[in-house]
Amino acid sequence: MKKYAVVSTLLLSTFAAAPVLANTTDWFVGGGVGYQNDAVKQDFGNSQLTSSKNAEGMTYQLRGGVVINDQHRVMGTYSYFSDDVNGLLGERKQTQNMFLASYDYLIPVHQNINLFAGVSAGFADNEFKNKATGFTADSTDFVWGGQVGAQYKINNNWSTDLTYRLLDQDYDKLGNEVDYTQQVVWSVDYKF
């Protein structure tokens, strides 16, 4: 009986997936550079012992994914960010590695131009290292948010994006908090 259930499940899955596989899919890889701003706060439970300073600087990204039917884009992104932050505990170096899965809906506005909006979710590995003592506090936490932007198709294989992304972060360790991240990124993609 179990064999029939397995075989019928496989057959149904194959037939259900056939229309999706018949759609137009374009795989791509790319990279980008941009500006990132993290809202960083030190809070020790006392209003007199609270310090807020934004970490800001360059972010570097690698990404890849698929565009389905010229309107749906699914991608994975890795981004790296690092900055020095001053606070109550002295000067700290923040290093962040972020892994995101994103979905964008592409809206054609011209022959070579798309606007897009979408959602992202993933994980950010934040590390704060005190430069004076060498003490490190790090954690990998869930992040989620959304993005909007514009895409320009240079030719059949190359395109470029300008993206604004806002992500909520849950990092809160040993008095260090990262509340949210903002990014403005210019990227270039190669479509297979």
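Scope of the values below: all heavy atoms of this structure, side chains included, with no hydrogens, waters or symmetry mates. Computed from a predicted structure; not experimentally measured.
- Residues forming a side chain to side chain donor-acceptor pair (under 3.5 Å) with Thr77 (at least two apart in sequence, or on another chain): none.
- One finds a salt bridge joining Asp189 and Arg63 here, because a Lys/Arg side-chain nitrogen approaches an Asp/Glu carboxylate oxygen to under 4.0 Å.
- A distance of 9.0 Å separates CD in Gln151 from OG1 in Thr163, rounded to the nearest 0.5 Å.
- To the nearest 0.5 angstrom, Phe142 atom CZ is 7.0 Å from Phe123 atom CZ.
- The minimum heavy-atom distance between Gln183 and Thr181, with the atom names listed, is CG-CG2, 4.0 Å.
- Side-chain atoms of Asn69 come within 3.5 Å of backbone N or O of Thr24 as a donor-acceptor pair.
- In this structure a side-chain-to-backbone donor-acceptor pair under 3.5 Å is present from Asn157 to Lys191.
- If you chain together hydrophobic residues whose side chains sit under 4.5 Å apart, Val29 and Val67 never meet in one group.
- Expressed to the nearest 0.5 Å, how far OH of Tyr105 lies from CG of Leu115 amounts to 12.0 Å.
- Hydrophobic cluster membership is shared by Tyr164 and Val33, with clusters built from Ile, Leu, Val, Met, Phe, Trp and Tyr side chains linked at under 4.5 angstrom.
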Would you sort out whether Arg92 and Val40 count as a side chain to side chain contact (heavy atoms under 4.5 Å, CB included), showing the intermediate values?
CA-CA 11 Å; Arg92 298 160 292 143; Val40 178; 4.2 Å; yes
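- Side chain of Asp83 to main chain of Glu56: a donor-acceptor pair is present (N/O by atom type, distance under 3.5 Å, no hydrogens or angles).
- Cluster membership for Ile68 and Phe192, using ILVMFWY side-chain heavy atoms within less than 4.5 angstrom, is shared.
- A pairwise comparison of heavy atoms in Pro108 and Asn114 identifies CA-OD1, 3.1 Å as the closest pair.
- With a 4.5 Å cut-off on side-chain heavy atoms, Asp26 and Asp70 count as touching.
- Note that CG of Leu167 and CG of Asp170 are 11.0 Å apart. Values are rounded to the nearest 0.5 Å.
- The distance from atom NZ of Lys93 to atom CD of Glu127, rounded to the nearest 0.5 Å, is 10.0 Å.
- Residues Gln169 and Asn126 meet the side-chain proximity criterion, which asks for heavy atoms closer than 4.5 Å.
- How far CG of Asp38 is from CD of Gln94: 4.5 Å, rounded to the nearest 0.5 Å.
- No more than 12 heavy-atom neighbours from other residues, nucleotides or ligands sit within 6.0 angstrom of CG on Asn156.
- One hydrophobic cluster, built from ILVMFWY side chains closer than 4.5 Å, cannot hold both Leu100 and Leu62; they sit in different ones.
- Closest approach of Met58 and Phe81 over heavy atoms only: O-CD1, 3.4 Å.
- Under the 4.5 Å side-chain heavy-atom criterion for Ile, Leu, Val, Met, Phe, Trp and Tyr, Ile154 and Val109 are members of the same hydrophobic cluster.
- Classification of the Tyr78-Phe99 ring pair by plane angle, with boundaries at 30° and 60°, yields tilted.
- Counting heavy atoms from C-beta outward, Tyr190 and Trp158 have side chains that approach closer than 4.5 Å.
- In terms of heavy-atom proximity, Asp179 sits nearest to Asp168 at O-OD1, 3.2 Å.
- Shown here for Tyr171 and Ser139, the closest heavy-atom pair between the two residues is CE1-CB, 3.6 Å.
- Between Thr95 and Ser82, the shortest heavy-atom distance links the atoms OG1-OG, 3.9 Å.
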Would you check, one step at a time, whether the test side chain to side chain contact (heavy atoms under 4.5 Å, CB included) holds for Tyr152 with Leu162?
CA-CA 9 Å; Tyr152 177 73; Leu162 183 61; over 6 Å; no
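- With sequence neighbours excluded, the residues that form a side chain to side chain donor-acceptor pair (under 3.5 Å) with Trp186 are Thr160.
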Does Gln36 form a side chain to side chain contact (heavy atoms under 4.5 Å, CB included) with Gln61? I'd like the steps, not just the answer.
CA-CA 11 Å; Gln36 180 167 322; Gln61 298 186 354; 5.8 Å; no
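- For the 3.5 Å distance criterion, the side chains of Ser120 and Gln147 qualify, holding a donor opposite an acceptor.
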